[in-house]
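Since the model is a prediction, treat every value here as computed from it, not as a measurement.
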Amino acid sequence: MSGLFGLGQTLLLALDPERAHDLTLKTLELGVYPRSSGSDDPRLKQAVFGLDFPNPIGMAPGFDKDARVPHQLLEMGFGFVEVGTLTPRAQSGNPAPRLFRSHRDRAIVNRLGFNNEGQDAALTRLARRPRGIVGVNLGANRDSTDRIADYADGITRMAPVADYFTINISSPNTPGLRDLQAPRKLDALLGKVQEARKALGPKAPPLLVKLAPDLADADLPEVAAVIEQNEADGIIVSNTTLARDNLRDETLLREAGGMSGRPAFLRTTRMLARVHQATEGRLPLIGVGGLDSGEAALAKIEAGASLIQLYTALVFEGPGLIGRIKDTLVRAMARENADNLKPLIGRRAGEWSEKELPDVVV
């Protein structure tokens with residue numbers, strides 16, 4: 001089955017991005033998609049924050065915002081799927097047009113603004129539990145008068161169907177949301193979220209925090225320390241960026257929003273390495289951003305990731321990318337005579353942390 005999710009990739013790339021995305025979801029719902037054949041190489045298994053992942057490759061949130069197709073994505077070969085971002089109440093997001101892609105740069109700029117059908121709709125869908133690990137990415141409503149309460153309430157509401165939670169405070173498309181990354185506000189947020197989570201009992205889903213790649217280097221150690229002190233189980237590095245590093249397409253350069261895809265790889269991988277160093281490997285990290293090849297996936301792991309996520313690359317590379325990443329990781333372990341990925345995790349964090357970045361953020 002060729003093309004993106006069983007449809008002609010050229011056709012999808014010719015359509016309006018949001019229309020193409022919805023068509024892809026509908027195709028998956030109809031059962032038209034390539035299934036992964038056979039079991040994963042056992043060396044790809046990862047035991048992270050109390051969960052057993054068959055492989056380290058996850059579908060990042062943003063693709064399946066409303067938990068419509070997690071089962072199908074798992075059947076395609078992902079080791080886990082993260083749905084959302086889900087807000088307490090349904091909201092339409094920002095006005096269209098709000099999604100822009102560049103085939104030349106293998107990049108997307110979006111300013112969607114947490115458009116979703118709300119947590120209750122996703123809760124109903126996820127009650128039909130798919131076989132596999134499904135994380136739930138939580139956000140706050142744009143018009144919320146108490147955003148911290150939105151996150152805490154989401155923990156309580158979605159706990160029955162979540163294998164893990166992600167607190168998304170790093171989207172650039174909800175005004176003021178990234179302010180919650182400031183250490184004092186982050187401490188208050190995580191304190192309330194952990195109260196809600198601990199009320200669930202000893203089997204409460206693990207808690208991850210997703211950071212923006214535009215945090216200043218000097219702020220990272222304190223932010224990471226706050227996350228550790230509040231006993232989060234891991235960190236996701238990172239969300240889309242406001243920077244336009246390595247982006248040549250003038251159309252995208254003119255658009256506001258968060259950039260994802262190949263141009264974001266250096267910035268996000270460098271930050272991943274710095275978070276790994278700041279936490280001294282104590283917290284598992286999920287590496288996200290510009291991951292469009294097996295070599296890029298290996299680089300994320302060597303920079304400090306225990307797991308990885310992708311989305312934008314599938315738009316341009318198609319679902320065959322999943323298998324290519326697995327093959328690259330297996331070959332890397334074979335070269336090191338390793339039985340698992342652990343010897344590879346973070347072994348080049350020092351090198352990646354010293355990479356130079358442009359200092360222009362728009």
Side-chain angles (χ1 to χ4, degrees), residues 21 24-25 28 46 48-87 108 110 112 114-119 121-123 125-126 129-140 151 154-155 157-171 193 197 204-213 232-240 258 260 268 272 283-291 297 300 305-315 319 321-322 325:
H21 178 235
T24 301
L25 287 170
L28 284 166
Q46 281 285 77
V48 185
F49 36 80
L51 298 173
D52 293 322
F53 296 80
N55 71 69
I57 308 166
M59 171 58 93
F63 176 76
D64 192 9
K65 284 177 171 287
D66 293 307
R68 291 166 58 179
V69 292
H71 174 74
Q72 292 89 327
L73 293 169
L74 290 166
E75 284 197 329
M76 287 174 59
F78 284 104
F80 64 107
V81 173
E82 189 170 319
V83 301
T85 297
L86 293 167
T87 54
I108 287 177
N110 93 81
L112 292 167
F114 287 171
N115 56 308
N116 73 108
E117 296 175 7
Q119 290 170 4
L123 182 63
R125 293 188 181 106
L126 289 173
R129 294 285 289 170
R131 295 179 62 183
I133 295 173
V134 178
V136 174
N137 185 295
L138 297 175
Y151 288 102
I155 293 285
R157 182 179 294 112
M158 300 303 296
V161 297
D163 289 306
Y164 70 85
F165 284 115
T166 297
I167 300 301
N168 185 354
I169 50 173
S170 50
S171 169
V193 165
R197 181 170 165 266
L207 181 72
L208 313 183
V209 180
K210 188 168 187 173
L211 297 177
D233 297 283
I235 301 174
I236 300 181
V237 186
S238 62
N239 215 314
T240 57
S260 60
T268 57
L272 172 68
L283 282 183
L285 308 180
I286 300 182
V288 197
L291 206 161
K300 291 285 187 187
S306 295
L307 302 169
I308 54 178
Q309 288 179 326
L310 54 120
Y311 169 16
T312 298
L314 291 176
V315 174
L321 176 61
I322 303 168
I325 290 174

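Across Thr85, Asn168, Val288, Leu211, a single residue satisfies side chain to side chain contact (heavy atoms under 4.5 Å, CB included) together with Asn239, and that is Asn168. The only member of Val48, Leu208, Val134, Leu207 that meets side chain to side chain contact (heavy atoms under 4.5 Å, CB included) when paired with Tyr164 is Leu208.
Contact record, Gly79 with Ile133: O-CB, 4.3 Å, taken as the closest heavy-atom pair. The nearest pair of heavy atoms linking Pro70 to Val81 is O-CG2, 3.9 Å. The heavy-atom pair separating Leu73 from Phe78 by the smallest distance is O-CD1, 3.3 Å. Heavy-atom minimum distance, Ile286 versus Ala305: C-CB, 4.5 Å. What you find for Thr268 and Gly289 is that their closest heavy atoms are OG1-O, 3.2 Å. Across every non-hydrogen atom of Asn137 and Lys210, the tightest pair is ND2-CD, 4.3 Å.
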Does Tyr151 form a side-chain contact (heavy atoms from CB on, under 4.5 Å) with Ile169? I'd like the steps, not just the answer. CA-CA 10 Å; Tyr151 288 102; Ile169 50 173; 3.7 Å; yes
side-chain contact (heavy atoms from CB on, under 4.5 Å) between Val136 and Gln119: does it pass, once the steps are laid out? CA-CA 10 Å; Val136 174; Gln119 290 170 4; over 6 Å; no
Run the numbers on Leu28 and Asp64 for side-chain contact (heavy atoms from CB on, under 4.5 Å), then give the verdict. CA-CA 11 Å; Leu28 284 166; Asp64 192 9; over 6 Å; no
Could you give me the CA-CA distance, side-chain angles and deciding distance for Phe49 and Leu307, then say whether side-chain contact (heavy atoms from CB on, under 4.5 Å) is met? CA-CA 11 Å; Phe49 36 80; Leu307 302 169; 4.1 Å; yes
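Scored by the ring pair (Phe, Tyr, Trp, His ring centres under 6.0 Å) test, Phe114 finds no partners at all (sequence neighbours excluded).
Taking 4.0 Å as the cut-off between side-chain N and carboxylate O, Arg197 and Asp233 count as a salt-bridged pair.
A donor-acceptor pair is defined here as one N or O able to donate and one able to accept, closer than 3.5 Å; no such pair exists between the side chain of Asn116 and the backbone of Lys65. Panel note: side chain Asp52, backbone Pro54; no donor-acceptor pair is recorded below 3.5 Å. Between the side chain of Asp163 and the backbone N or O of Gly135, no donor-acceptor pair lies under 3.5 Å.
Expressed to the nearest 0.5 Å, how far CD1 of Ile167 lies from CD1 of Ile235 amounts to 13.0 Å. Distance check: Phe80 CZ to Leu51 CG gives 10.0 Å after rounding to the nearest 0.5 Å. The structure places CG of Asp66 at 8.5 Å from CG of Leu25, a figure rounded to the nearest 0.5 Å. Atoms CZ and NE2, on Arg125 and His71 in that order, are 16.0 Å from each other to the nearest 0.5 Å. We find the CE-CD1 distance between Met59 and Ile322 to be 7.0 Å, quoted to the nearest 0.5 Å. Glu117 contributes atom CD, which lies 7.0 Å from atom CZ of Arg68 (distance to the nearest 0.5 angstrom).
Using a 4.5 Å heavy-atom threshold, the side chains of Leu74 and Arg131 count as separate. The shortest distance between side-chain heavy atoms of Leu138 and Val193 does not fall below 4.5 Å. With contacts defined as side-chain heavy-atom distances shorter than 4.5 Å, the pair Ile325/Asn55 does not qualify.
Residue pairs that meet the salt bridge (charged side-chain N to carboxylate O under 4.0 Å, His left out) test with at least one member in residues 73-82, sequence neighbours left out, are Arg35-Glu75.
Ring geometry, Phe63 versus His21: the interplanar angle exceeds 60°, so the pair is classed perpendicular (tilted spans 30 to 60°).
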